[in-house]
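Accompanying notes for the structure given below.
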Amino acid sequence: MTIVSAIIFMAERFWQVELPSEGEGIGMGHGKTVVVMGVCGVGKSLVAERLSQALGLAMVEADDFHSPSNKAKMSKGLALTDADRMPWLDAVIHAARTGCLEAGGVVVACSSLRRIYRDRLRGGLKDCLFIHLTGEAGLIEARLQSRKNHFVGANLLFSQLSVLESLEADEAGFALDISLSADEVVEKALEELRATCGTACNDASAHEGVQSMKGRNSC
């Protein structure tokens with residue numbers, strides 16, 4: 001085989017490679033997919049960011065993929081409908097799939113309030129594991145009232161709590177109490193991930209990553 005024909009052969013093989021289709025092989029098989037869920041104000045973004053850094057994974061902030069109309073509704077204190085949320089979840093799935101392909105795994109900060117929303121994510125991101133951040137309504141409300149420059153405020157908290165569906169027994173994941181400090185929440189999350197994922201999450205770099213982030217913003 002000449003050099004030219006070898007190049008042509010390799011190029012043809014390259015273009016025959018297919019990216020995984022929706023819901024096919026993305027997740028624990030090709031990379032970890034961890035979703036940090038919960039109502040507004042529990043600290044999803046902060047915990048997801050720290051976990052992504054500690055584990056060396058990509059991060060997706062689901063709020064970034066809301067449509068302008070969704071953001072306008074929420075800024076007025078209006079709850080989103082299922083029809084509002086499904087296209088948004090599809091956009092989050094697309095971004096998370098890209099993160100999996102580029103970084104070998106992804107951590108997603110996404111409310112995932114209802115089972116049907118989590119099923120939607122699982123349909124596009126196989127083997128999702130959910131970390132549900134929970135806390136007393138008063139604590140969450142106080143944090144939301146102190147939050148600045150975000151389109152979701154305290155006026156949406158109780159509508160979200162009213163529709164929140166906790167993880168069911170057949171859903172992979174666990175809950176963590178946000179009354180702990182952010183450092184403790186991340187440490188406990190990593191402990192649970194190590195127990196769930198085994199050696200895939202049990203490396204020294206994860207521990208070192210958390211140690212380097214200690215002392216930053218509270219959850």
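The first residue of the sequence shown is numbered 1, and numbering continues consecutively from there. Everything numeric in this text was worked out from a predicted model, so none of it was measured. The analysis underlying the following values was restricted to heavy atoms, covering all of them including side chains, and did not include hydrogens, waters or symmetry mates.
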Test item: Gln160 side-chain N/O and Cys40 main-chain N/O as donor-acceptor pair under 3.5 Å: yes
Pair Asp177-Ser179, side chain to side chain donor-acceptor pair (under 3.5 Å): steps then yes or no: CA-CA 6 Å; Asp177 190 341; Ser179 62; 3.1 Å; yes
For the side chain to side chain contact (heavy atoms under 4.5 Å, CB included) test, which of Met37, His132, Arg85, Lys44 pairs with Ser112? Met37
Can you find a heavy atom in the side chain of Val42 that is under 4.5 Å from one in the side chain of Thr134? no
Of all heavy-atom pairs between Cys100 and Thr33, which one has the smallest distance, and what is that distance? SG-OG1, 3.6 Å
Given Val185, which of Leu46, Leu51, Leu176 fulfils the side chain to side chain contact (heavy atoms under 4.5 Å, CB included) condition? Leu176
For side chain to side chain contact (heavy atoms under 4.5 Å, CB included), just list the numbers for Arg120 and Asp90, CA-CA rounded to whole Å, side-chain angles, deciding distance to a tenth of an Å, and then say yes or no. CA-CA 8 Å; Arg120 186 80 163 205; Asp90 289 341; 2.8 Å; yes
Flag the pair Asp119 and Arg122 as a salt bridge only when some basic side-chain nitrogen lies within less than 4.0 angstrom of an acidic carboxylate oxygen. yes
Which is it for Ile131 and Val47 under the side chain to side chain contact (heavy atoms under 4.5 Å, CB included) test, yes or no, and what are the steps along the way? CA-CA 10 Å; Ile131 301 175; Val47 172; 5.6 Å; no
Of all residues at least two apart in sequence or in a different chain, which pass the salt bridge (Lys or Arg N to Asp or Glu O under 4.0 Å) check with Glu165? Arg114
If I take atom OG from residue Ser111 and atom CG from residue Leu164, how far apart are they, to the nearest 0.5 angstrom? 9.5 Å
Can you give me the closest heavy-atom contact between Gly135 and Ile140, atom names plus distance? O-CD1, 3.6 Å
Of all the heavy-atom pairs spanning Ala79 and Ser159, show the shortest one and how long it is. CB-OG, 4.0 Å
Verify same cluster id: Met59, Leu55 (apolar side-chain graph, 4.5 Å): no
Is Trp88 linked to Leu78 within one hydrophobic cluster, defined over Ile, Leu, Val, Met, Phe, Trp and Tyr using a side-chain heavy-atom separation of less than 4.5 Å? no
Quick one: closest heavy-atom pair of Ser166 and Arg118, and the distance? O-NH2, 3.2 Å
Non-hydrogen side-chain atoms of Leu129 and Phe174 separated by less than 4.5 Å: yes
Using the rule side chain to side chain contact (heavy atoms under 4.5 Å, CB included), only one of Val60, Leu89, Ile93, Val36 pairs with Cys110; which is it? Leu89
Are the side chains of Ile116 and Met86 in contact, using a 4.5 Å heavy-atom criterion? yes
Decide if atom NZ of Lys188 counts as having more than 12 heavy atoms of other residues, nucleotides or ligands within a radius under 6.0 Å. no
Closest non-hydrogen contact found for Ala103 with Ala58 is CB-N, 3.6 Å
Is it true that a side-chain atom of Asn70 and a backbone atom of Leu80 form a donor plus acceptor pair closer than 3.5 Å? no
So OG of Ser45 and CZ of Arg50: to nearest 0.5 Å the spacing works out to 12.5 Å
For the backbone of Gly138 and the side chain of Glu136, can you confirm whether one donor and one acceptor N or O come within less than 3.5 Å of each other? no
Can you find a heavy atom in the side chain of Leu57 that is under 4.5 Å from one in the side chain of Val106? no
How about Arg143 and Ile178: do any of their side-chain heavy atoms sit closer than 4.5 Å? yes
